[in-house]
Amino acid sequence: MNLLDRYLLRHVFGACLAAVALFGFVLLLGNAIRDLLGLVLADQLPLPAFLELLVLLVPYVAAYALPMGILTGVLLTLGRLSADSEITAMRAAGVSVWRLSRPILLLGLAGMGLGLYLNFEAMPRARTRYQHTLAEVVRSNPLRFIVPHTFIREFPGFVVYVGEKEGTLLRDFWIWELDAQQRVLRIVHAQTGQFDFDEEANALLLSLHQAQVESRDRANPEDFSKPPLVGTFARSEQVRLPLDSVFARRTVRQKLKWLTLAELRERAAELAAAKSAAEAQHNADASELKAHAQRLLELRLVLQEKGQNALAILSFAAIGIPLGIRVSRRETSANLGVAVAISLGYYFLNVAAGWLDRQPELRPDLLLWLPNLLCLALAWRLFRRIGQN
């Protein structure tokens with residue numbers, strides 16, 4: 001590697017690293033806000049667990065940030081070099097566009113290798129552990145769900161309010177029982193209360209002390225012409241509040257995208273064997289055969305999507321070279337805008353191919369490669385046009 005290669009590689013690598021960090025931070029922040037912010041605000045997520053979950057998000061966001069970061073870094077570097085006439089000086093010295101592209105394409109190949117590792121190994125393992133950790137954190141201390149001075153509406157048919165909370169002991173406790181039309185049927189106010197967790201039944205057990213109950217007409221709870229029934233008691237029987245609806249969204253379901261390459265191949269072999277066994281039956285059900293074919297198609301789509309996401313790193317590096325030279329802009333915003341526009345077009349075509357998963361005759365698993373082929377074809381055409389000038 002000569003001086004020119006090292007010069008280009010150093011500048012392109014630095015710009016790509018900064019761009020990947022920028023896009024990764026944006027994606028990391030979006031995922032953290034979506035998944036973790038509510039738990040943090042509700043004091044359900046301790047700081048060590050929060051930091052661990054952020055670390056586990058890094059491989060996931062890196063798999064998507066790498067292609068955009070590579071493209072942005074190449075555009076920024078070559079755009080600046082072209083605007084400063086350094087590309088013109090290199091070409092005047094006899095260096096062709098193909099020759100100065102060599103270190104950048106090598107960087108793209110290295111990025112593609114890293115992308116394959118992220119998509120097929122690191123990201124699935126981190127994503128699975130992330131979901132399991134998130135579910136365990138929420139379930140490990142379900143009493144964190146009870147936040148003082150907050151109206152808790154997640155329990156079906158109930159609204160809960162707690163004035164103070166000391167461990168499992170509650171003070172100034174209110175609970176409103178609602179009907180299907182969200183009308184108040186009963187109001188319970190207790191000076192103190194205590195929560196226990198029934199892990200086997202996944203429910204909170206509530207005991208109230210020094211409580212007052214106001215019951216309304218269940219047929220017409222908003223008829224205030226009749227006085228409500230009011231009763232007081234020193235201690236109540238345990239009230240069971242099920243948590244299935246609250247924590248159902250934390251149940252971990254292993255998605256195909258969260259499987260490693262070895263696990264995907266094992267799953268593919270199982271599906272292929274099941275399909276062959278179904279086809280061997282003389283009276284095989286057509287719907288069953290179609291279901292097997294559909295599951296195999298979904299598996300192929302995941303495999304192809306992971307592979308083409310890694311190839312996108314090389315494709316974006318290739319198309320960024322002639323675009324950066326032709327655009328010749330030093331402004332970061334201009335190059336960032338071009339990178340975002342290309343990335344959005346690429347991922348739109350990718351998603352559009354995924355919409356055809358119910359039409360196997362159109363081969364959506366092969367159509368997933370169309371965005372990469374278009375990028376490489378456009379890069380080749382631009383290379384040739386620049387080489388002729």
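All of these numbers come straight from a predicted model, not from anything done at the bench.
- The minimum heavy-atom distance between V20 and G69, with the atom names listed, is CG2-CA, 3.6 Å.
- Side-chain contact between Q304 and W369 is present, with heavy atoms from C-beta onward closer than 4.5 Å.
- Side-chain N or O atoms of K165 include none that pairs as donor or acceptor with a backbone N or O of P148 at under 3.5 Å.
- Looking at every heavy atom in both residues, C16 comes nearest to L107 through SG-CD2, 4.3 Å.
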**OP:** Could you give me the CA-CA distance, side-chain angles and deciding distance for D84 and R80, then say whether side-chain contact (heavy atoms from CB on, under 4.5 Å) is met?
**Re:** CA-CA 6 Å; D84 291 344; R80 179 184 60 81; 3.7 Å; yes
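- The neighbour count for R381 CZ, taken as heavy atoms of other residues, nucleotides or ligands under 6.0 Å away, does not exceed 12.
- With values rounded to the nearest 0.5 angstrom, L314 atom CG is found 8.5 Å from N372 atom CG.
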**OP:** May I have the step-by-step check of side-chain contact (heavy atoms from CB on, under 4.5 Å) for V58 and L54, ending in yes or no?
**Re:** CA-CA 7 Å; V58 171; L54 285 182; over 6 Å; no
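- In this structure S96 satisfies the side chain to side chain donor-acceptor pair (under 3.5 Å) test with no other residue, sequence neighbours excluded.
- Contact check for R125 versus T260: side-chain heavy atoms found under the 4.5 Å cut-off.
- The hydrophobic cluster containing F233 does not contain V230, counting ILVMFWY residues as joined when their side-chain heavy atoms lie under 4.5 angstrom apart, directly or transitively.
- Under a 4.0 Å N-O distance rule, the pair R216/E214 qualifies as a salt bridge.
- Legend: residues meeting side-chain contact (heavy atoms from CB on, under 4.5 Å) with L370, ordered by chain and number and at least two apart, are L374.
- The closest side-chain heavy-atom distance from R99 to D5 is below 4.5 Å.
- In the hydrophobic clustering of ILVMFWY residues, with side-chain heavy atoms under 4.5 Å counting as a link, F13 and L105 come out together.
- The distance from atom CH2 of W355 to atom CG of N350, rounded to the nearest 0.5 Å, is 11.0 Å.
- Closest approach of I325 to S82, counting heavy atoms only: O-OG, 3.0 Å.
- For residues 104-116, no pair satisfies salt bridge (charged side-chain N to carboxylate O under 4.0 Å, His left out), with sequence neighbours left out.
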**OP:** Go through L170 and T192 one step at a time and tell me if the side-chain contact (heavy atoms from CB on, under 4.5 Å) criterion holds.
**Re:** CA-CA 5 Å; L170 312 174; T192 60; over 6 Å; no
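- Under a hydrophobic-cluster definition in which Ile, Leu, Val, Met, Phe, Trp and Tyr are linked whenever side-chain heavy atoms come within less than 4.5 Å, directly or via other members, I319 and L349 are assigned to different clusters.
- Residue N309 comes nearest to P67 through the heavy atom pair O-CG, 4.0 Å, listed as atom of the first residue, atom of the second, then distance.
- Of the inter-residue distances, the one linking I313 atom CD1 with L118 atom CG reads 7.5 Å to the nearest 0.5 angstrom.
- Considering only heavy atoms from C-beta on, M90 comes within 4.5 Å of L8 through its side chain.
- Going from atom CG of N31 over to atom CG of L36 covers 8.5 Å, rounded to the nearest 0.5 Å.
- For the ring-ring contact (aromatic ring centres under 6.0 Å, His included) condition, the pairs that include at least one residue of residues 45-69, sequence neighbours left out, are Y60-Y64.
- Within the 4.5 Å cutoff, the side chain of S101 has heavy atoms near those of the F383 side chain.
- Note on L37 and F25: same hydrophobic cluster, where clusters join Ile, Leu, Val, Met, Phe, Trp and Tyr whose side-chain heavy atoms are under 4.5 Å apart, directly or indirectly.
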Subject >> Evaluation steps, salt bridge (Lys or Arg N to Asp or Glu O under 4.0 Å), between E52 and R129 >> reply: CA-CA 10 Å; E52 180 185 359; R129 184 177 172 188; 3.2 Å; yes
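- Y161 shares a hydrophobic cluster with F151, V159, W174, W176, L178, V184, I187; the chain of contacts runs through ILVMFWY side chains whose heavy atoms sit under 4.5 Å apart.
- With sequence neighbours excluded, the residues that form a side-chain contact (heavy atoms from CB on, under 4.5 Å) with D217 are A219, N220, K226.
- Here F158 pairs with F155, I175, E177, L241 under the side-chain contact (heavy atoms from CB on, under 4.5 Å) rule; sequence neighbours left out.
- Under the side chain to side chain donor-acceptor pair (under 3.5 Å) criterion, R127 pairs with no residue, sequence neighbours left out.
- Ion pairing between a basic and an acidic side chain is recognised when a charged N comes within 4.0 Å of a carboxylate O; R300 and E305 show no such pairing.
- Atom-to-atom distance recorded for T232:OG1 and H189:NE2 is 13.0 Å, nearest 0.5 angstrom.
- Proximity of L323 to I342: side-chain heavy atoms (C-beta onward) are separated by under 4.5 Å at one or more points.
- Annotation: salt bridge (charged side-chain N to carboxylate O under 4.0 Å, His left out) contacts of R153 (sequence neighbours excluded): none.
- Aromatic ring orientation, F316 versus Y346: perpendicular (interplanar angle above 60°, classes split at 30° and 60°).
- When all heavy atoms of L71 and G320 are compared, the pair lying nearest together is CD1-CA, 3.8 Å.
- Residues satisfying the ring pair (Phe, Tyr, Trp, His ring centres under 6.0 Å) criterion with Y7, sequence neighbours excluded, are H11.
- The same ILVMFWY cluster, assembled from side-chain heavy atoms under 4.5 Å apart, contains both I87 and V95.
- Side-chain contact between R295 and R267 is absent, with no heavy atoms from C-beta onward closer than 4.5 Å.
- Contact annotation: the side chain of V188 never approaches that of Q212 to less than 4.5 Å [non-hydrogen atoms, C-beta and beyond].
- Listed for the K306 side chain is a donor-acceptor partner under 3.5 Å among the backbone atoms of K257.
- Other members of the cluster containing L259 are L116, F120, L256, L261, L264, L271, L296, L299, V302, L303, with ILVMFWY side chains joined at under 4.5 Å, either directly or via other members.
- The shortest heavy-atom contact between D179 and P221 is OD2-CG, 4.0 Å.
- With sequence neighbours excluded, the residues forming a side-chain contact (heavy atoms from CB on, under 4.5 Å) with L229 are S215, listed by chain and number.
- In this structure, CZ on R171 lies 12.5 Å from CD on Q210, to the nearest 0.5 angstrom.
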